[in-house]
2 protein chains.
Amino acid sequence: MGAGVPNADQRLDARDLAILELVQRNADWSHGEIGRQIGLSVSAVNDRIRRMVAAKVIRGWTADLDPGALGLHLLAFVNVLIDRAELIPAFAERIAAYPEVQECHHLAGDWNYILKVRVPTTAALENFISCELKEKLKVSRTATTIVLRSLKDSPALPIMNGGAAR
Amino acid sequence: MGAGVPNADQRLDARDLAILELVQRNADWSHGEIGRQIGLSVSAVNDRIRRMVAAKVIRGWTADLDPGALGLHLLAFVNVLIDRAELIPAFAERIAAYPEVQECHHLAGDWNYILKVRVPTTAALENFISCELKEKLKVSRTATTIVLRSLKDSPALPIMNGGAAR
DNA sequence: ACTGAAATCAGTAGTAG
DNA sequence: CTACTACTGATTTCAGT
């Protein structure tokens with residue numbers, strides 16, 4: 001056990017990719033339904049999904065929720081700059097714990113990080129930036145961009161041959 | 001049938017929110033397991049989930065895939081500027097169809113859109129920006145930021161009381 | 001609106017071809 | 001891999017509180 005080599009010798013063939021394409025959008029379909037779509041038996045679909053879960057190609061199963069229905073009416077991208085290098089480890093360790101931070105990416109460029117932040121209101125955003133980022137996490141500067149409308153916001157990945165495929 | 005009022009009179013109580021908190025991370029748990037966590041019977045959990053699916057609070061069920069395992073080794077944010085206003089509708093209509101574009105948000109600020117783009121290589125990114133964005137979609141200017149490392153990249157939404165809750 | 005039991009259906013494991 | 005079996009366990013329905 002343990003986390004030796006991450007994805008040792010998994011090879012994904014065209015059928016695996018077809019399964020992934022389906023389950024990343026319709027995880028509630030039965031294995032029979034998936035098999036019918038791609039011409040595979042229930043057992044074959046079952047085997048392949050279990051292997052891909054074991055290989056961590058499939059990391060888990062999630063429900064896709066509507067942000068608006070949960071009162072999360074504001075989406076913003078916040079660029080973060082931290083002047084003093086010694087403050088970066090503490091930021092990196094603590095930022096992921098904020099539920100309103102959906103994403104945090106370390107960047108190559110003018111800014112240290114970009115955050116994707118979901119909150120109910122501008123007041124909540126202001127509180128997050130002022131109290132959490134600047135006061136507690138000692139962020140030097142931020143640049144916030146408000147999203148007016150999301151044309152696409154999907155966790156689905158592009159799946160094509162030529163990736164880690166055979 | 002039809003899409004009249006989106007979320008008519010759904011009221012989410014604390015138990016609904018507890019269920020959502022669980023299923024957005026562990027959609028594979030049985031209703032019995034969920035019920036045990038929050039002190040509810042299997043049927044009650046089933047009822048509430050079915051109601052939330054019907055009310056479109058839960059939009060669907062997805063598999064969470066590992067981008068690296070699919071050969072998607074590059075993540076970038078691409079800011080997009082379109083000078084001539086008459087070119088924007090065509091862009092907005094066609095951008096969502098690109099699988100490598102995971103997100104596309106219309107912005108308030110200096111840029112028209114921000115894109116979250118996943119590709120295997122820098123060559124694929126260059127091809128996407130030059131051929132697709134600039135040539136085909138007539139984008140005037142782009143500013144691309146490469147992600148070095150993702151500290152957090154989760155579809156999970158922050159769930160707290162005070163949203164659309166009772 | 002929840003519980004608990006009964007019925008239906010899906011996932012799993014094994015066999016054989 | 002398919003096809004078929006049997007089994008386990010989950011989902012769904014339904015009557016009752």
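If you're wondering where the values come from, they're calculated on a predicted model, not measured in any experiment. Lettering follows sequence order; numbering is per chain, from 1.
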Notebook entry, point to check: Separation of A/R50 atom CZ from C/dG14 atom C1', in whole Å?
Noted result: 12 Å

Next item on the list: Confirm from the modelled atom types if B/S30 and D/dG9 form a donor-acceptor pair under 3.5 Å, side chain to base only.
Entry: no

Note to self: Rounded to whole Å, please give me the gap between CH2 in B/W29 and P in D/dG9.
What the structure shows: 18 Å

Check: Do A/R48 and A/D13 sit within salt-bridge range, that is, some charged N less than 4.0 Å from a carboxylate O?
Finding: yes

Check: Is there side-chain contact between B/D66 and A/K56, with at least one heavy-atom pair below 4.5 Å?
Finding: no

Next item on the list: Starting at atom CD1 of B/I49, determine the distance to atom P of D/dA10, rounded to an integer number of angstrom.
Entry: 14 Å

Check: Got A/L72 and B/M160 here, is their nearest side-chain heavy-atom distance under 4.5 Å?
Finding: yes

Next item on the list: With DNA chain D as reference, determine whether B/D47 or B/E33 sits nearer its 5' end, using the nearest nucleotide of each.
Entry: B/E33

Check: Atom NE2 of B/H31 to atom C1' of D/dT12: distance rounded to whole Å?
Finding: 10 Å

Next item on the list: Using a cut-off of strictly less than 4.0 Å, decide whether B/R51 has a side-chain nitrogen or oxygen near OP1 or OP2 of C/dA1.
Entry: yes

Next item on the list: Write down the distance between CD1 (B/I34) and C1' (C/dC2), rounded to a whole number of angstrom.
Entry: 17 Å

Notebook entry, point to check: Hey, which of these two, A/N46 or B/S41, hits DNA chain C nearer its 5' end, going by closest nucleotide?
Noted result: B/S41

Margin query: Using whole Å, what does the distance between atom C1' of nucleotide C/dT3 and atom CZ of B/R36 come to?
Written below: 16 Å

Next item on the list: Can you establish whether the number of heavy atoms outside A/K152 located under 6.0 Å from its atom NZ is more than 12?
Entry: yes

Check: Base, sugar-phosphate, or nothing: which does A/G39 touch, judged by heavy atoms less than 4.0 Å apart?
Finding: sugar-phosphate

Check: Atom CG of B/L12 to atom C1' of C/dA1: distance rounded to whole Å?
Finding: 16 Å

Checklist line | Under 4.0 angstrom between A/R48 side-chain N/O and D/dC1 OP1 or OP2 | finding: yes

Notebook entry, point to check: Quick one: which of C/dT12, C/dC2, D/dC1 gets closest to the side chain of B/A44?
Noted result: C/dC2

Margin query: Between A/G32 and B/L40, which residue's closest nucleotide on DNA chain C lies nearer the 5′ terminus?
Written below: B/L40

Next item on the list: Kindly indicate whether the side chain of A/V80, heavy atoms from C-beta on, has any atom under 4.5 Å from the side chain of A/W111.
Entry: no

